[in-house]
Protein chains: 2
Amino acid sequence: MMTNEATGAMDESRTEAGTGTLGKAIAVLEAVVTADGPQRFTDILARSGQPRGTLHRLLSHLVEEDLLIQRRDLSYEPGLRLLTLAYRSWSANRFRDVAEPHLQRLHELTGETVHLGILRETEIVYVDKVESRQTVRMSSQIGKASPAYCTGIGKAALSLLGQPQLERVLARTEFHAFTSHTHRSAATLLAEIEEIRRDGHAFDREEHEAEIRCVAAPISIPGGELAAGISVTGPAYRVTMEQLSAWAAPVREVARAIGEEAVIRLGPGRGGP
Amino acid sequence: MMTNEATGAMDESRTEAGTGTLGKAIAVLEAVVTADGPQRFTDILARSGQPRGTLHRLLSHLVEEDLLIQRRDLSYEPGLRLLTLAYRSWSANRFRDVAEPHLQRLHELTGETVHLGILRETEIVYVDKVESRQTVRMSSQIGKASPAYCTGIGKAALSLLGQPQLERVLARTEFHAFTSHTHRSAATLLAEIEEIRRDGHAFDREEHEAEIRCVAAPISIPGGELAAGISVTGPAYRVTMEQLSAWAAPVREVARAIGEEAVIRLGPGRGGP
DNA sequence: AATCAAGTTCCAAATAATGGAACTATACGA
DNA sequence: TCGTATAGTTCCATTATTTGGAACTTGATT
């Protein structure tokens, strides 16, 4: 018989080894943080692929920094330092700060959930959210990453990229069929991105989650060369495609307003090359 | 004349240099994350106290890991990786998961804001929060750290520590007088902690913020040797000390229930020495 | 008591970090 | 326009840390 959770963890995707000393440490940290329960030394050994001696030292350092906690039964869990660091970086995020009242405004107009997300590699990271009734909890999605190719904000953000950069991202994208509407290859996605560039807005037609639709518009963040976007999301039974189409114009308008205010308040950074 | 923000940053508290390679990297990360705006190389140089060459390399590594972003104008900002890591560690936090329905229950009983916090060194880190009307935003406090000596949960958690451990924490505490009710030295605090140990609950009598009171009770987290607590908080005009005293019993009861369920569901870890 | 698995420690070789100083690029002022 | 100050970057010999296989300790199980 094997250990309680070891059997299930055997074939899980290994966290790819980061380069450099810091990279390795963060990779190990991520391996522990992305696992669902406390991880024993052997679990992490399998997930991280590091040699025993090396891993042991890395873990001690992470514990020393309170990025991990070691329990009395020797298993490792995320420490509190991560939460504190994230709190500070989130609450001091100037772009989010600029966007917030606009998101509020859009929520009041539509009555549905409004998201703000930033593109990071092939994923969209949700940075803020406004909704009326907190179904689960308000913050439950902040920091969450979803694939870009099957979400409204993701596709909107992708539409901001130059063609070579876009193709590089799509080459690294794995097209997982979440629903029957999910894009299955780069070909159809590229065609849709053409449309998004023309229209200035993107739809998620139940591509990531069944019964969930949204309309989104892109925003480029000045100074950081970042691609972002906002969306209005709702359940399919309540939000028809006609409704979403009607919201497209205000969503574009709010996105434009955020972008404009961001340029003024955050500065465009030094110009191009 | 000096740089825009350099003058103000000169006398700011320097992030104390972490030990080891990872420690230094995280210390630099923290220096950037705790600053309020984008930090230029020279700003970080002053804040971190690292030599130029070393700092430059550390920053490149942090940018490589997407823990920091470098803007086009060369200044540094927190990257998205931190938020994603924190999201995962928060949403997978089993203790929070156990506590959540209990917090909800306590909120329904009192109608006021309920907090869950964990002691970390001399500070309380807020890990969860339940409130009805999101005045600012629900998640705005998650990950926030406040001094233990002047908050309800903080004092409750301190009361769980053994005397030598407690004295070590207090020795490192700086007693800042936030209001006229704030403890000014370890002496009065120690006396109050005696009472808290006896009563099983703690009050914050406008010690951290004026016009804000709370009643709290301690919980010890099994397996991790952590001290935690919950509290019910409200504005002084609405929540009298009599009201708080009346809530003390239910707060203790909910804390007990969380602790009990945590032992069952999370396991006590291997026993003491 | 013997066996096995999990976790920890050890240490010489390989690698990365260190940090002062020289260098380059950009902004500023005359 | 040309110097001059300031900010940011690169260099490299020295020093410290990391590396990782293997031996060792611990503690549970039979």
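The sequence lines fix the lettering, A, B, ..., with proteins before strands; numbering per chain opens at 1.
For the pair A:L58 CG and C:dA16 P, the computed distance is 14 Å after rounding to whole Å. Note: CD (A:Q50) to C1' (C:dT8) measures 17 Å, nearest angstrom. Atoms NZ (B:K24) and P (D:dA16) sit 11 Å apart, rounded to a whole Å. Rounded to an integer number of Å, the gap from NE2 of B:H61 to P of D:dT18 is 13 Å. The CG atom of B:L45 sits 12 Å away from the P atom of C:dG19 (whole-angstrom rounding). A straight line from CG of A:L74 to P of C:dT9 spans 11 Å, rounded to a whole angstrom. For the pair B:F41 CZ and C:dG19 P, the computed distance is 13 Å after rounding to whole Å. As rounded to whole Å, 12 Å separates atom C1' of D:dA7 from atom CG of B:D73.
Comparing C:dT9, C:dT18, D:dT9 by their nearest atom to the side chain of A:H56 picks out C:dT9. Candidate nucleotides D:dT9, C:dT18, D:dT19 were compared by shortest atom distance to the side chain of B:Y76, and D:dT9 ranks first.
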Is there a side chain to side chain donor-acceptor pair (under 3.5 Å) between B:R96 and B:S91 once you walk through the steps?
-> CA-CA 8 Å; B:R96 200 212 79 246; B:S91 61; over 6 Å; no
Begin from the C-alpha positions of B:E30 and A:R81 and carry the test salt bridge (charged side-chain N to carboxylate O under 4.0 Å, His left out) through to its verdict.
-> CA-CA 10 Å; B:E30 190 158 50; A:R81 186 100 177 260; 3.2 Å; yes
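More than 12 heavy-atom neighbours from other residues, nucleotides or ligands sit within 6.0 angstrom of CD on B:Q163.
Between A:L166 and A:L170 there is a side-chain heavy-atom pair separated by less than 4.5 Å.
The phosphate of D:dT17 (OP1 or OP2) has no side-chain N or O of A:R57 nearer than 4.0 angstrom. Between D:dG8 and B:R52, no contact under 4.0 Å exists linking OP1 or OP2 to a side-chain N or O. Contact check, B:T21 against D:dA16: no side-chain N or O comes under 4.0 Å of OP1 or OP2.
Checked by atom type and distance alone, the side chain of A:R71 never pairs as donor or acceptor with a backbone atom of B:G223 at under 3.5 Å.
Mapped onto DNA chain C by nearest heavy atom, B:P51 and A:T42 fall at different nucleotides, with A:T42 at the one closer to the 5' end.
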